[in-house]
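Residue numbers begin at 1 in each chain, while the letters A, B, ... track the order of the sequences.
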Amino acid sequence: MKFTLIKDIRGDALMRPLLGGLLAFVLLFLIFDVVQKHETIGLFPAAAAATLYGDEETYTDAITFSGLLEIIHGDTFFAMMSLLTLSAVYARLVDSTRRRLLFINTAMLGAFFALPSLMGAYYFGAPFLYGWIALFFLWHLSAFLMAAESLWRLYRP
Amino acid sequence: VEALQAVKNAYRYAIAYFTLFGGLLLISGFWLFALKIGFTPSQVAAYYLGDPSLFTAPKSFTGLMESALPHLGGMGLFVMVTAHFLHFAPKKKKRGAKKMAVALFVAALLDIFCPFAIINGFALFAWVKLAAFAALQLLGFALLWLVFSAAAQGIARERQEV
C-alpha cells in the first residue's frame, strides 16, 4: 500500500506501471469472475435456479449447501481483497469526493450483500435469487468502472 | 490538505467495509466447520480419519494439501492486511495489536497443520485443532472489531468537522 503515501502517483516512474498492471489484472479478474459464475452457477434466473434447486428435466442435482458455502467463503476473500486494493487506488486517482464515495459504497455494499443473498436464494427462493443476480452485476459493474476510470486517469495525457 | 483528508476518509470507508467482509469470511468459515467437521474432538478425528459407520473415507495427504495451500496464502494475507491498519489507528487501539496478530498467525498455522498430524496417527491433535480454530475465530473477530471501530470513529469525526 506504499502508493497511498506517494504524492504524485502519475509522475512516479515505478508506481505508474505497477498500478497500471494491478488495474489490468483487476479488470481481467472481474471479467473472468462473471464468466466463471455464468459457467458454474448461472447468471440468468433459470440457469441459477437449476444449479441451486436442481432440474428434474435435465437430471441436474441441486448443489449441496456446504458446496455453496465453500463458493461463498472463497468469493468473500477475493472480493474483499480486490475491492480494498481497487478502492485505495481509485481514492487516490479520482478528484471528486462525491463520486469517490459513491463508487466505493456501491461496489462494497453490492458485493457484501450479494454473498448472503446467494445463501438466501438457496433457502428462500426467487426473491433472493433475483437479488443476488442484480447485486452481482451491480458490484461487478461498479468495480469495472472504478478500475477503468483509474486506468484512464493514470495514463491520460 | 482538504483533498488529502477526503482521500483519507474514503480509505476509512473502504477499511470499514473490508472488516465487514472479514466478519462474513469468519462466519462462513465457522459454518463450514460446523457442517463438515463438528465441534467435538471425536468428530474432528472422525472427519480426518474416516468413519465406517458414516461411510466416510479417511482424508489423504493430497486432499489435505488442497485445503492447506489456499489457506496458507489466504490466512497470512488476511491477518497481515487487517492488522496493519492498526498502525494508523489511535494509540489506545494499537495496544495489544502485535500480540493479537502473532497469536492469530500461530492459531492459523496450527489450524492448517493439525490435520496432517491427525492423519499420521496423532489423534490428540484433534483437541489442538479445535482450540486453534476457536482462537482463530475469537481473535479474528476481536481484531476486526478494533479496526472497524477505529475506521468508524474516523468517519464520524470527519462528518462532525464537515
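When heavy atoms are compared at a cutoff of 4.5 Å, B/Leu20 approaches chain A by way of both its backbone and its side chain. Both the backbone and the side chain of B/Leu77 come within contact range of chain A, each with at least one heavy atom under 4.5 Å from a heavy atom of that chain.
Inspection of non-hydrogen atoms places A/Leu101, A/Ile104, A/Asn105, A/Met108, A/Leu109 of residues 101-110 of chain A under 4.5 Å from chain B. Of all residues in residues 114-143 of chain A, those placing a non-hydrogen atom less than 4.5 angstrom from a non-hydrogen atom of chain B are A/Leu115, A/Pro116, A/Met119.
Rounded to the nearest 0.5 angstrom, A/Asp61 CG and A/Tyr53 OH are separated by 16.0 Å. A/Arg100 contributes atom CZ, which lies 12.5 Å from atom OH of B/Tyr13 (distance to the nearest 0.5 angstrom). Rounded to the nearest 0.5 Å, atoms CG (A/Leu69) and OG1 (A/Thr64) are 9.5 Å apart.
Closest approach of B/Ile37 to B/Gln43, counting heavy atoms only: O-CB, 3.5 Å. In this structure, B/Tyr48 and B/Ile119 approach most closely via the heavy-atom pair O-CG2, 3.7 Å.
Contacts with chain B were tallied for A/Gly74, A/Ser66, A/Ala79; A/Ser66 has the most, counting heavy-atom pairs under 4.5 Å. Top candidate by heavy-atom pairs under 4.5 Å with chain A, chosen from B/Asn9, B/Ile15, B/Leu35, B/Leu24, is B/Leu24. Among A/Phe78, A/Phe112, A/Phe65, A/Tyr90, the residue making the largest number of heavy-atom pairs under 4.5 Å with chain B is A/Phe112. The choice from B/Gly22, B/Ser28, B/Ala10 that makes the most heavy-atom pairs within less than 4.5 Å of chain A is B/Ser28.
Between A/Phe77 and B/Phe78, the distance separating the two ring centers is not shorter than 6.0 angstrom.
A donor-acceptor pair is defined here as one N or O able to donate and one able to accept, closer than 3.5 Å; such a pair exists between the side chain of B/Thr56 and the backbone of B/Asp51. Between the B/Gln137 side chain and the B/Ala134 main chain, no donor and acceptor come within less than 3.5 Å of each other. At least one donor-acceptor pair under 3.5 Å links the side chain of B/Asn120 to the backbone N or O of B/Phe116. No side-chain donor-acceptor contact under 3.5 Å links B/Lys59 to the backbone of B/Leu64. Without hydrogens or angle criteria, A/Arg16 side chain to A/Leu154 main chain gives a donor-acceptor distance under 3.5 Å.
For B/Lys8 and B/Glu158, the salt-bridge test fails: no basic side-chain N is under 4.0 Å from an acidic carboxylate O.
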